[in-house]
Undergrad: 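Below you'll find the structure I mean.
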Amino acid sequence: MQLGLIGLGKMGGNMRERIRRAGHTVIGYDRNPDLADVSSLAELVEKVEGPRVVWVMVPAGGPTQSVIDELGDLLEAGDTVVDGGNSRWTDDEKHAEELAAKGIGFVDAGVSGGVWGLENGYALMVGGDAENVAKVQPIFDALKPEGDAGFVHAGRVGAGHFAKMVHNGIEYAMMQAYAEGWELLEKVDSVTDVREVFRSWQEGTVIRSWLLDLAVNALDDDEHLDKLRGFAADSGEGRWTVEAAIDNAVPLPAITASLFARFASRQDDSPQMKMIAALRNRFGGHAVESAK
């Protein structure tokens with residue numbers, strides 16, 4: 001099968017290689033000419049045989065919209081566009097409608113696997129009509145891990161990115177739990193080897209996971225994480241998960257708290273904690289620390 005792939009960064013570049021290893025032809029385009037197989041989207045569309053499948057792996061929002069707009073003018077009826085970036089599911093509905101007016105199919109694909117996907121495979125959550133999904137199935141089969149797991153047709157357009165959004169929200173909460181447990185273990189004097197405690201959890205416990213394995217790897221490189229600053233960005237999908245929970249009246253206390261914890265990480269001297277310290281001092285006479 002032939003595939004046009006737009007966006008050859010950390011994820012897209014490895015995906016191209018994995019698909020090629022499975023015996024498919026991939027024609028890739030990237031703004032960086034050192035990564036690209038062709039010099040333009042027009043050349044990519046020209047070289048991919050019809051009916052075409054073109055996979056978009058660019059940042060969500062404006063960049064994705066721009067690429068889809070251009071593809072809408074270049075592709076033909078019967079072709080299919082896959083958005084494999086981290087787009088918001090509501091954008092999928094808009095893109096599908098715009099392309100459908102020109103007879104072009106649309107599939108949204110939430111992709112998880114990060115830098116390990118090339119060797120381990122990518123977990124894929126897709127949304128769209130069964131007919132359009134079927135056109136892309138050989139590529140999905142090439143990208144997914146071996147075995148029965150790792151791929152789901154989650155539902156209609158938008159379902160793939162919605163599922164991936166919830167996946168990332170759960171990821172936020174899991175990482176926060178590991179981080180809080182690590183900090184508490186580091187704090188007490190009685191535990192003298194926190195790294196080995198984490199390592200002991202890798203087998204035989206209900207909290208073992210790939211994230212735990214990665215935590216142990218990080219501690220092997222920097223036992224007390226002294227080389228890192230306590231700052232963590234959020235990709236946007238954690239925010240979207242909380243917003244969707246509000247819209248649907250679904251309580252997500254753990255995921256919401258994990259998102260807010262990332263906001264707290266951006267403050268060297270928390271304004272909220274200033275007020276709490278002031279209040280504790282006023283009502284209880286608790287000591288306060290002067291600003292340095």
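Values reported hereafter were calculated over all heavy atoms of this structure, with side chains retained and with hydrogens, waters and symmetry mates removed.
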Undergrad: Could you work out, with side chain to side chain contact (heavy atoms under 4.5 Å, CB included) as the rule, every residue matching Leu35, not counting sequence neighbours?
TA: Leu8, Asp30, Asn32

Undergrad: What residues form a ring-ring contact (aromatic ring centres under 6.0 Å, His included) with Tyr178, not counting sequence neighbours?
TA: none

Undergrad: With sequence neighbours left out, which residue pairs that include part of residues 10-26 fulfil the salt bridge (charged side-chain N to carboxylate O under 4.0 Å, His left out) condition?
TA: Arg16-Asp37, Glu17-Arg21, Arg20-Asp37, Arg21-Glu119

Undergrad: Quick check: do Trp55 and Met15 have side-chain heavy atoms less than 4.5 Å from each other?
TA: yes

Undergrad: May I ask you to test the Val152-Leu124 pair for a side-chain heavy-atom distance under 4.5 Å?
TA: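 Not touching, per the 4.5 Å side-chain cut-off.
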
Undergrad: Please report the shortest heavy-atom distance between Ser265 and Ala232, naming the atom on each side.
TA: OG-N, 3.0 Å

Undergrad: Considering residues at least two apart in sequence or located in another chain, which fulfil the side chain to side chain donor-acceptor pair (under 3.5 Å) criterion with His224?
TA: Glu186

Undergrad: May I ask you to say whether Lys102 pairs ionically with Asp73, meaning some side-chain N is under 4.0 Å from a carboxylate O?
TA: yes

Undergrad: Establish whether Leu211 and Leu225 are linked, either directly or via other cluster members, by ILVMFWY side-chain heavy-atom contacts under 4.5 Å.
TA: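 Linked within one cluster.
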
Undergrad: I'd like to know if the side chain of Gln65 pairs up with that of Lys94 as donor and acceptor (distance under 3.5 Å, no hydrogens or angles considered).
TA: yes

Undergrad: Show the numbers, then the answer: is there a salt bridge (charged side-chain N to carboxylate O under 4.0 Å, His left out) between Arg199 and Asp193?
TA: CA-CA 10 Å; Arg199 196 187 313 278; Asp193 199 335; over 6 Å; no

Undergrad: Looking at every heavy atom in both Val126 and Ala109, which two are closest together, and how far apart are they?
TA: CG1-CB, 3.9 Å

Undergrad: Each residue besides Tyr29 in its hydrophobic cluster should be listed here, by chain and number; the cluster joins Ile, Leu, Val, Met, Phe, Trp and Tyr at side-chain heavy-atom distances under 4.5 Å.
TA: Ile6, Ile27, Val38, Leu41, Leu44, Val45, Val48, Val54, Val56, Val58, Val67, Ile68, Leu71, Leu74, Leu75, Val81, Leu99, Ile104, Phe106, Val157

Undergrad: Can you tell me if CD on Glu97 sees more than 12 non-hydrogen neighbours from other groups inside 6.0 Å?
TA: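 No, the 6.0 Å shell around CD holds no more than 12 heavy atoms from other groups.
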
Undergrad: Under a 4.0 Å N-O cut-off, is there an ion pair linking Lys164 with Glu237?
TA: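 Yes, this pair counts.
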
Undergrad: Using a strict threshold of under 4.0 Å (side-chain N to carboxylate O), is an ion pair present between Lys187 and Glu183?
TA: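 Judged by the 4.0 Å cut-off on N to carboxylate O distance, Glu183 and Lys187 do not form a salt bridge.
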
Undergrad: With no hydrogens and no angle check, is any side-chain donor or acceptor of Ser258 less than 3.5 Å from a backbone partner on Ile255?
TA: yes

Undergrad: Less than 4.0 angstrom from a charged side-chain N to a carboxylate O is my criterion; do Arg88 and Glu93 meet it?
TA: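 So Arg88 does not pair with Glu93 through a salt bridge.
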
Undergrad: Would you call Arg156 and Asp129 a salt bridge, using N to O less than 4.0 angstrom?
TA: no

Undergrad: So that I can tick it off, tell me whether Asp213 and Arg208 are bridged by a salt bridge, with the cut-off set at under 4.0 angstrom between side-chain N and carboxylate O.
TA: no

Undergrad: Please report the shortest heavy-atom distance between Trp89 and Gly158, naming the atom on each side.
TA: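 Taking every non-hydrogen atom into account, CB-O, 3.3 Å.
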
Undergrad: Report the residues that fulfil ring-ring contact (aromatic ring centres under 6.0 Å, His included) with Trp240, sequence neighbours left out, ordered by chain and then residue number.
TA: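 Once residues adjacent in sequence are excluded, Trp240 has no partner under the ring-ring contact (aromatic ring centres under 6.0 Å, His included) criterion.
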
Undergrad: So Leu259 and Gln176, do their side chains get closer than 4.5 Å, heavy atoms only?
TA: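 In short, these two side chains do not touch, never coming nearer than 4.5 Å.
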
Undergrad: Between Asp92 and His161, is any side-chain donor less than 3.5 angstrom from a side-chain acceptor?
TA: yes

Undergrad: Is Ile170 close to Val166 at the side-chain level, that is, under 4.5 Å between some pair of heavy atoms?
TA: yes

